[in-house]
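Data first, discussion second: the structure below is written as structure tokens.
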Amino acid sequence: MSHFLSDEQVRIRDVAREFAQVEVSPRAAEIDNKDEFPADLVRRAAELGLFGLMIPQEYGGLDAGITTTCVVLEEIGKASPSLAGMLSVQIALCPVSMNTAGTPEQKTKYLVPSASGENLMALSATEPSGMMNTAAHQTRLTPDGENYRLNGLKIFCTQGSATVYIVGGRTSVDGQEGYGAAIVEKGMPGFEVGKYENKLGWRGSNTGTLIFTDVLIPRENILGGILTGLGEVSGLGGLTGNLGHCASALGCAEGMLAKTIEYAKGRELYGQPMTALQPITYWLSEAWVKIEAARSLLYTTTRMVEEGRIDPNMIMACKVHVCETAFEVCNRLLQVWGGHGMMNDTGVHRYMRDARVDLIAEGASETMLSGIAQSILA
Amino acid sequence: MNIVVCYKSALEETSMLVSSSGVDATRARHKISDYDRNAIAAGMGVATETDRVLALTFGGLEAKKTAKDVLSRGPDQVYAVIANDAASADGAATAKVLAAAIRSIGDVDLVVCGEGSSDSYAHQVGPRIAALLSMPVMSELSEFSVEGTAIKGKRTVGGVTEFLCADLPAVATVLPAAAEAPIPGLKAVLAAGKKPLTEMTLAELGLDATSLAPKTSAGPLTAVLASRKRILFPDGDASSQVAGLVGALVKEGVLR
């Protein structure tokens with residue numbers, strides 16, 4: 001992969017790699033075990049400028065592009081897929097949604113402090129009825145004079161401890177069904193965050209329930225205007241967010257492979273190194289091949305996006321293939337560890353658990369496949 | 001004030017291939033020598049807004065590969081003296097080249113070096129530069145500061161702490177404790193691409209290849225490989241097995 005990166009991208013990767021190895025890796029198991037939001041590491045990521053990777057320079061960001069962003073998230077994913085997942089929301093999803101649909105005033109107000117690390121952002125689309133079927137969503141934006149009132153419930157919001165949330169809700173436009181996205185700030189009267197979920201993977205990410213009770217949403221906090229018909233809130237950010245998510249999953253698989261190779265080299269079975277056992281070498285090699293193939297698909301797609309060739313099918317294919325590969329690799333490699341892999345002390349089963357989350361978060365594999373099917377069968 | 005920080009592009013240990021036949025560094029990557037990262041941070045730490053911090057290195061073409069990394073850590077400019085056979089240079093030759101470069105840069109008030117490079121750790125270059133430039137040198141500093149026209153430093157040797165002072169211009173060689181080397185932020189990484197890198201040749205410094213003739217030589221690298229002793233203590237009760245284990249560990253020097 002480094003053959004295709006510019007010198008600048010290599011240096012940015014090296015910064016992310018050093019951050020991951022020196023600061024994230026020693027804390028990764030603890031984040032998973034304690035299920036605590038790693039505020040210190042998130043703050044450090046902001047200090048290093050990672051929050052601004054996808055934010056235009058005029059709003060204080062680096063405008064570094066989705067390839068560079070994915071390279072960074074991949075490095076962090078090797079150490080802590082959970083942290084990489086959180087940062088993907090902050091870096092690749094939310095600011096792109098805001099930048100694509102937001103007014104200049106909204107961008108100045110929300111992107112500038114996001115780039116500097118003052119804002120932690122979240123985008124919440126899932127309701128008890130599901131994410132994609134917005135027709136079944138119960139959260140509503142109701143006109144109130146010049147403004148709106150937001151009522152409803154969102155669940156499974158990654159980064160429930162954010163300071164700014166993009167929240168979708170159904171509404172009506174001249175008697176017709178409509179959809180809008182509200183920018184909700186922490187502390188707005190009527191907005192509260194419910195309990196944080198105790199999850200299988202991505203632990204520490206403060207996945208929370210958002211409760212809206214008659215929250216006054218000023219008109220200027222409607223993102224991108226009210227849409228006629230049912231829609232969704234993420235826009236282009238949903239696509240770049242998926243790619244960031246894939247990068248974190250790819251890093252997860254790479255992290256698991258690196259740890260497993262180290263373990264296999266040092267472990268003796270039947271009086272010989274484990275790496276002298278042919279099935280073990282096959283598993284390791286197959287994992288490497290699958291990771292490289294997934295990487296090739298991911299970065300081909302990020303380049304297409306940067307060239308303006310945005311093909312949702314390719315992005316959905318990435319989401320399916322890279323994330324499924326990451327889980328497959330982590331699950332298979334866990335077998336190399338035998339009983340040791342089941343123990344908390346070795347800390348490797350978190351890779352498998354984090355990779356499992358990737359098959360569902362930000363659009364399940366089947367949702368992606370349905371989207372592709374609609375396109376190729378049309 | 002002009003501050004020159006000397007650094008070395010050293011081999012990255014993790015990218016070397018280690019086997020029983022030795023160490024293969026032919027495909028090894030280069031990095032800023034570990035202690036030189038601290039030296040750069042130390043130089044930046046004593047610089048005021050009006051000071052110029054210049055980084056200086058000597059090496060083969062690989063020396064340029066780390067220049068952007070150096071610049072992302074704060075220095076305003078990199079000077080790189082490039083010579084094809086730089087790899088054969090020992091501390092004396094390296095110091096000769098760097099001292100000549102410092103004279104060429106001119107008007108240098110403070111030279112900061114890492115205490116040693118992460119690949120050879122010979123502690124040679126900083127003191128030799130000081131001798132060649134007739135500057136005072138303060139070595140093994142765990143703290144240092146510039147106060148007016150003097151440099152003050154702290155050195156701890158064998159449980160004794162010394163507080164040193166010297167007039168500028170001077171050379172300081174620093175330990176990692178002198179300044180933590182932070183990870184550069186991405187804005188600094190991008191800004192580094194716009195900072196100047198000035199290449200110098202031996203000829204421009206009035207030197208030639210004979211200047212690099214080493215006065216010391218090193219044999220081939222050998223690697224320390226961990227190997228299992230495969231010593232078992234199957235006989236006797238637990239206490240005699242433990243006694244056998246402890247005895248073996250003492251014999252190997254693991255326990256005393």
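The analysis underlying the following values was restricted to heavy atoms, covering all of them including side chains, and did not include hydrogens, waters or symmetry mates. These numbers come from a predicted model, not from an experiment. To find a chain, count down the sequence lines: A is the first, B the second, and so on, and within it residues start at 1.
Residues B/Arg155 and B/Glu140 are not paired through a salt bridge, judged by the lack of any N-O separation under 4.0 Å between the basic side chain and the carboxylate. Electrostatic pairing of A/Glu306 and A/Arg303 does not count as a salt bridge here, judged by no charged N lying under 4.0 Å from a carboxylate O.
Listed options A/Glu47, A/Arg44, A/Glu8, A/Glu18 were ranked by heavy-atom pairs under 4.5 angstrom with chain B; first place goes to A/Glu18.
Of the atoms belonging to A/Glu23, it is side-chain heavy atoms, and not backbone ones, that fall under 4.5 Å from chain B. Looking at A/Leu50, the atoms closer than 4.5 Å to chain B (heavy atoms on both sides) sit in the backbone and in the side chain alike.
At distances below 3.5 Å, at least one donor-acceptor pair connects side-chain atoms of B/Glu62 with backbone N or O atoms of B/Gly60. B/Ser9 places no side-chain N or O within donor-acceptor distance of the main-chain N or O of B/Lys31, the cut-off being under 3.5 Å.
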